[in-house]
Every structure is written in C-alpha cells, then in structure tokens.
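Input: a single structure, listed below in structure tokens.
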Amino acid sequence: MATESIRLNASEAPSDIFPLRSCSLLPAPFSAAYRTTNRFTSVNAARHVAPCSAVTGLFACPAFMKLWSQFFIPTLKESPADAEIASHKLLVRAGLVRKLSGGLYTYMPLGLRVIHKLTQMCREELDAAGAIELWMPHVHPAELWQQGPRWAAAREIMFRADSAGEGKRASREPEFVLGPTHEEVITPLVKAEITSYRDLPKNFYQIATKFRNEIRPRYGLMRAREFIMMDAYSFDANDDGAIRSYHAMKTAYESFFRRVGVQAIAVEADTGVMGGSYSHEFMVPAEVGDDDVIYNEASGYAANREKATSGLVPADLADAAPAGAVEEFATPGVVTIAALEQAPYSVPADRQFKTLVFIGDGKPFLVILRGSDELEEAKLGSLGFGLHRPATPDEIVPVLGAKPGSLGAVKGTIKEPAALAGVFADHAVRLIGNGTTGANKDGFHLRNVNVTRDLAVTKFGDFRRVRPGEPDVKSGQPLQVRRGIEVGHIFKLGTKYAEKFGAAYTDGQKQSQLMVMGCYGIGISRTMQAVIEQSHDADGIVWPWNSAPFQVLVCVLDPQVPEAMEVAKKLAAAAERAGADVLVDDRAERPGVKFKDADLIGIPLRLTIGGKGLKEGIIELKWRNQKDVAKVPLAEAEARVAVAVAEGSGR
RNA sequence: CGGGGCGUAGCUUAGCCUGGUAGAGCGCUACGUUCGGGACGUAGAGGUCGUGGGUUCGAAUCCCACCGCCCCGACCA
C-alpha cells in the first residue's frame, strides 16, 4: 500500500538531475522527506510553470517547511585555513560544501539545494530555447577520444578510469577515461541516430558532473577537479542554422544568469582547444576572477584578454622604406631586450624585434613581436598547430645557429630555414619599420632591419597581448581591463567534429552533408560560488531570491514557547502558499547565535518571532539585503508575508 | 609542471629558532546561572604532532625522503 502511494509521488515529483534516484526503494516514512527535498524544483519555478497551489494541493500544508533542528547546516564561526577568498570561506562557513581533497567537494544539504535551484532554472531556460535534455555516460572508452581531434591536448587534463584491480597490470595507455566534456560521445551518437535534414536542427544537453584533472585546483568550487556543468551540443544543417542556434543559446544564457541573479557579461573569447570559429564567454565581474576582460564601455566592446585586439596598428599603415643597409654590430653578453636598451646600444624596446621559437606539432616555427610587446600565447591557436610549446635552447641552436638572446628572422641569417614551419610576425612589428634584431650569431645584433625588405615573414597576424589604454578598434577610446569569473561559454564549432566522426545527413537533394555543430557550457557549481562572490557582505552570503536554498527563514527565538511555534508554522505555511521555500529555525540556541547564522547563510527574507514581540502582538520582517526591520502586527502577518514573498520573487 | 609557503584534537592555532610534561580558543558532553546580535561558571571527553627513515640517552622541535594542502605562474566552466 505504502509502496503504491510512494510510486505515485515519485511520478508526480519533478524530474531530478539524478534520474535513478527512484523513490520506490524508500521506506514509507521517507516519502515525505523525498517530497520535501524535491518540491522546490517547481516552487522556485512558480512563475514559469504550474502555480504552487497545484503542487501543495497534493499534500497537506505545511508539509514542506524544514525545521533547522532536523536539517543539517553545520556553520562555522571561523574560516577554514585553506580558504583565501570570500566566496570560498562562505561556502564552507555557511555549511554549503565540505572538502574531500583538493578540488573535490561534497555538496552539503544546503549547498545541494542551491545546485538544484540553479540546475532547474538552467533546465527551464534551455527547454524554453528548444534544447532537449539527455544523459550520457561519464566513463568514456579512451578509443573514442583517440579518434577525436583533440586527444593529444585534452588527455593532459583527463582522468583515466582503468581497472584498479591488482591482478591487472596497468596498461600504458588508458582504456577508459572520465569525461571532461562530451563532444566525443554526442557526435557519434548523433551520427548514428540522425541521417536526414528533416531531423535537424537538434540541440542536446545534460546537466551533470565533469571530470578534469586540473593542474591546479583553486578557490573551492571555482576550479575543481570534479564539477557540475550544463553542456549542450547543437547540430544544424548549415552555417546559418548553426548561427541561429548559437544566438538562441546566447539568449538562453542571458535569461538564465538574469534569473539566477548574477551579473554575467558576454565577452568575445578565444576558442582554445575546442577549436571552432567563434565564441563568447559569460563573465561575472570579480576581482578574484581568473580572466582579464578587455572592454570599452562606450562601444560595448568586451573580449577575453586571450582574444582581445586593439586599434594600435592603423589599418592604413604604410610600410616604412628601408633606412639603410643592414649592419651587424657586436653585443657581447647582451641576451635580453632590456640589456639592449641600455647604453652603449640604447635601442628602445619598441624599436627591437623579439624572436620567439616554438615547436608546433614537432616542427619549429618563429614568432616575431616588438621588443616591448608580450606574446598572447593563446593567439598562436590560429596558426593551426594541434600542439605547440616553447622550444628549448637545444632545439633552437641547430635551426637558427645561435642561442636565445641573439635570434632574429632576417633572411639569410637563419641556419636551416627549410626546417621551419613558418615565421609569423605580429602586425605591430610594422610600426617599427626599421629596427634591431638578433643576428643568429651569438653576441651580435643587426640594425637597419626593414620589416618588408629583410624579415623572412611567412604571415602577419595578431599575436600580441593587448594593453589597457590602447585604442578600441570600434570607438578609438582607450580600452580598460577588469577581472572576471568565467561561468559560461558558447562556441560555434563548425564541422570539425562532424568531419572526424562522420556526422553527416542527407539533404533535400539527396546529397550527403556534414552537420554544423555548436557547443555550450555553464559551470553550475562555479556559478554558485560566483553568485556568492558577487553577493555577500561582512556578515555572510546575501542570496538572490531565485538561487537561495530557502527564500524565507522563520527565526523562532523562543521555540520552547508553544504559541511562538504555532505562529511560526502559520507564517511558514503562508510563505509556502505564496511560493517560497521555508526554513524554520527552531533550535534551542540563544538569539545571537540564530541571528549570526541567519546572516551567514543569507536567506533573503527573515521573519523573527520572539517572546518580546509576541507580547506586543508583532513579528518582525527583515530583508537580508536591507538594514531596517519592519514590525508587523500578528493579525496582518500572514498577508504581509504573502506580499513580501511576491515582492521577493519579482511578482 | 616550475617557484614560494604550510601540515599539532572536528575547526582556528601556540609550542619548533635554542631537543626534555603537547597547551589554548571555538565546537562537543554533563550540570548550573543566563537568554533580542556568536553568554558565563564548573566538570569532562577528544592528539599515530602528515608518513617513513636518520641524528640523539631523549625528537612536534634538528636532518633526509615521500605524501598532502594552500598561494603565484601556464590551462579551463
């Protein structure tokens, strides 16, 4: 009998990110708990889906409110020693997460509620944008990755998932890996299942755990080895369709972050190891962010530093005429740009050519920059090498004929020009016109080196790192820089993966065509931390309404007084009817402890019921993000709470 | 993976330099007094001082190796 009703509940309950968490295995007494923990998914979405009463109607109110004494929120007075930034400290202090090991965290009950809120909002926005949810394995056959286009680069951050059995000797190459992302799984799937243009476009997504063996996990959930991510993959018949899918996702992301209550800005980004043609990152501005955003408010330009360009080199710049014959001069012991700037040479850094040597897919190539510029290594991605790294001196000498410090790219001075995969010069070297560079002879440099006449340039490109203050391409105004946390990323991939895995379809003319793909990610767990980083004060977290683990905290100062608990339950029920998730602090703690904890865990709306207030016939209503406390007569309390909840949820 | 720092009770840590009884605060347990912004008293429980080796009569302390964690750099959502 009990089992029957539980099954019913399970089917009524909103789907969860863990589809296997079936209720039918739970004993009857736990069924209420199940409903309680899962109910928020539709409650929080009240304004998007069915009104709450439809849900609450199934169960007697107040069935859902959580009693703090029976929940589990281990708060800490002190910050853990290993936490550096505010959001990391608060995650731990507010009892949202606990560390297992570097970059590996348990989501505690309160933290999991936030994760569920975020995943549900994400799910709703993506569904609204036409994306379709599925669930893929996280253990991947390594073979699949070996077939893909980025095995060499991606394996560095991948966990291998071979047998841990003692009898079986570890193979040199992994048999299985843990999925860091799922292009290699979804593309073969779509290849097998979709063969007609009639089935396109499609956009599949999942919200699941990702595994990346980050070289350096950091700041709690900010860069973890195991994290929760929404990843989506769009498949279109052609480029126009792919661009439409891309923009639909961009719009969905914008709605998602708006709903979460975090400011996230779309910025142009480098495509990195993903490959593909263009991409945007969604950045939450924060000092502790890992990325620099180069932007100009006037023109609206915003780009990741890896991608950013400036108008430093005018489009109509004329090439300088040679200033004289190339002349070699001795520079004993001078092996740095800075040393050549000193007397007696006195060559300013922006008159020097800097020559860097890299190995790209096994072959050396040169990059020429102004002495005053820094290489933006990510920009080398545009050269098309699968893997590149700086060359070692041992690799440089046989090719160029000199050690680092005396290198150059002047025609005729390179010892083995045929060995080079190319000489790539940054546009800005054209600003030098005639300058100084290494002679490929230890202890000698060349002057009067003319860019067009003397340098053996294969191709000009954008390789330098933009500096704040340089003119914006669009407006000419100075560019500014600011740090940000990357919470989402969208890529238009093109046909790179479709080609590798043969994902083709038949078009209306019976012709086989490659699908055009896009891929999309939102760091759900990172977003949780980014929200805290953006929304906290000296006392704790200040949750935005929609992301809060509970929206309303009923703080009962005298839980031993039956009348106080009765009022609390009435108000909790009123708040729930209005669509809020409610936590009732019924602990036998002193008021100070309760207030401190309330501020720490940051529930948006606090209702305080105390013996003092009850004597006056009032309760108190306070917003976490405001200072003042409203005294509300008991008779009006339920109605006022309903109004406040409506206000909090943005009506 | 390079550079720097740190591992002492569940948490925050003192002690290490100069070797000789492992201490405090928070938290926890019990009792009492308190009770609107992290109370107080009394009594308790709780420690392989990261691991292994070495030096020494004797090591948390000195030496070596390893492991783990944190920060800075290169990569990512």
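Lettering follows sequence order; numbering is per chain, from 1.
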Which listed nucleotide ([options]) is nearest to the side chain of [X]?
X      : options                : answer
A/P591 : B/rG36, B/rG38, B/rC69 : B/rG36
A/I215 : B/rG38, B/rC1, B/rU34  : B/rC1
A/K99  : B/rC69, B/rG36, B/rA74 : B/rC69
A/R590 : B/rC35, B/rG36, B/rA77 : B/rC35
A/R218 : B/rG36, B/rG73, B/rA77 : B/rG73

Which whole number of Å gives the distance between the [atom1] atom of [N] and that of [M]?
N      : M      : atom1 : result
B/rG2  : B/rC75 : C1'   : 15 Å
B/rG32 : B/rG19 : P     : 50 Å
B/rA59 : B/rG53 : C1'   : 13 Å
B/rG10 : B/rG50 : P     : 13 Å
B/rA77 : B/rG15 : P     : 44 Å
B/rA14 : B/rC40 : C1'   : 25 Å
B/rG36 : B/rC49 : P     : 45 Å
B/rC6  : B/rA60 : C1'   : 15 Å

> For A/N625, which residues count as a side chain to side chain donor-acceptor pair (under 3.5 Å) partner, sequence neighbours excluded?
Replying inline: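 A/N625: no side chain to side chain donor-acceptor pair (under 3.5 Å) contacts found.
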>> For RNA chain B, which residues of residues 525-538 of chain A approach it to below 4.0 angstrom with any heavy atom?
In response: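 Of all residues in residues 525-538 of chain A, the ones placing a heavy atom under 4.0 Å from RNA chain B are A/R526.
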> Shortest non-hydrogen contact from A/D462 to A/A308?
Replying inline: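 Looking at all heavy atoms of both residues, the shortest contact is OD2-O, 4.1 Å.
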> Looking only at heavy atoms, which two atoms of A/Q146 and A/P174 are closest? And how far apart?
Replying inline: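 Taking every non-hydrogen atom into account, NE2-O, 4.4 Å.
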Are [X] and [Y] ion-paired here, with the side-chain N under 4.0 Å from a carboxylate O?
X      : Y      : result
A/R624 : A/D537 : yes
A/R483 : A/D292 : yes
A/R155 : A/E173 : yes
A/R465 : A/E306 : no
A/E376 : A/R464 : no

>> Between A/E254 and A/T251, is the side-chain hydrogen bond (donor to acceptor under 3.5 Å, both in side chains) condition met? List the steps.
In response: CA-CA 5 Å; A/E254 280 157 2; A/T251 307; 4.7 Å; no
> Can you tell me if the side-chain N/O atoms of A/S101 get under 4.0 Å from OP1 or OP2 in B/rG68?
Replying inline: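 Result: no.
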Whole angstroms only, please: what is the [atom1]-[atom2] distance between [X] and [N]?
X      : N      : atom1 : atom2 : value
A/K77  : B/rG37 : NZ    : C1'   : 12 Å
A/M222 : B/rC75 : CE    : C1'   : 16 Å
A/F227 : B/rA77 : CZ    : P     : 7 Å
A/K622 : B/rG36 : NZ    : C1'   : 14 Å
A/R223 : B/rA77 : CZ    : C1'   : 11 Å
A/D291 : B/rC76 : CG    : P     : 9 Å
A/D290 : B/rC71 : CG    : C1'   : 13 Å
A/K210 : B/rA77 : NZ    : P     : 11 Å

> Which part of the nucleic acid, if any, lies within reach of A/D597 when heavy atoms closer than 4.0 Å are counted: base, sugar-phosphate only, or nothing?
Replying inline: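 The residue A/D597 makes base contact.
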> So what does A/A224 hit on the nucleic acid, given a heavy-atom distance under 4.0 Å: a base, only sugar-phosphate, or nothing?
Replying inline: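 Base contact.
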Quiz: residues 80-87 of chain A side-chain donor-acceptor pairs under 3.5 angstrom, not counting sequence neighbours:
| residue | atom | partner | partner atom | Å |
| --- | --- | --- | --- | --- |
| A/D82 | OD2 | A/K99 | NZ | 2.5 |
| A/S87 | OG | A/Q529 | NE2 | 2.9 |
| A/S87 | OG | A/E533 | OE1 | 2.5 |

> Between the side-chain atoms of A/R606 and the base atoms of B/rG36, is any donor-acceptor pair under 3.5 Å?
Replying inline: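 Check fails, no donor-acceptor contact within cut-off.
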>> Can you tell me whether the side chain of A/R93 and the base of B/rG38 have a donor-acceptor pair closer than 3.5 Å?
In response: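 Side chain to base: pair present.
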> Want to settle it: does A/Y219 or A/E306 sit nearer the 5' end of RNA chain B, counting the closest nucleotide to each?
Replying inline: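 With A/Y219 and A/E306 compared, the 5'-side residue is A/Y219.
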> RNA chain B: A/E486 or A/L557, which has the more 5' nearest nucleotide?
Replying inline: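 Whichever sits nearer the 5' end wins; that is A/L557.
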> Can you list the stems that RNA chain B is part of, where a stem is at least 3 pairs in a row, each Watson-Crick or G-U, with both distances below 3.5 Å?
Replying inline: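 Paired runs of 3+ in RNA chain B: B:1-7 with B:67-73, B:10-13 with B:23-26, B:28-33 with B:39-44, B:50-54 with B:62-66.
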> Step by step, would you call A/N203 with A/Y205 a side-chain hydrogen bond (donor to acceptor under 3.5 Å, both in side chains)?
Replying inline: CA-CA 7 Å; A/N203 188 353; A/Y205 76 93; over 6 Å; no
> Judged by modelled atom types alone, do A/N304 and A/E268 share a side-chain donor-acceptor pair under 3.5 Å?
Replying inline: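 Not at all, the side chains of A/N304 and A/E268 share no donor-acceptor pair under 3.5 Å.
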> Is A/K622 atom NZ crowded by more than 12 heavy atoms from other residues, nucleotides or ligands, each under 6.0 Å away?
Replying inline: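 Yes, enclosed.
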>> A/R482: which residues meet the salt bridge (Lys or Arg N to Asp or Glu O under 4.0 Å) condition with it, sequence neighbours left out?
In response: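 Listed in chain order: nothing, the list is empty.
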> For every nucleotide of nucleotides 2-13 of chain B, 5' to 3': is a protein heavy atom under 4.0 Å from its base (B), only from its sugar-phosphate (S), or from neither (-)?
Replying inline: ----------SS
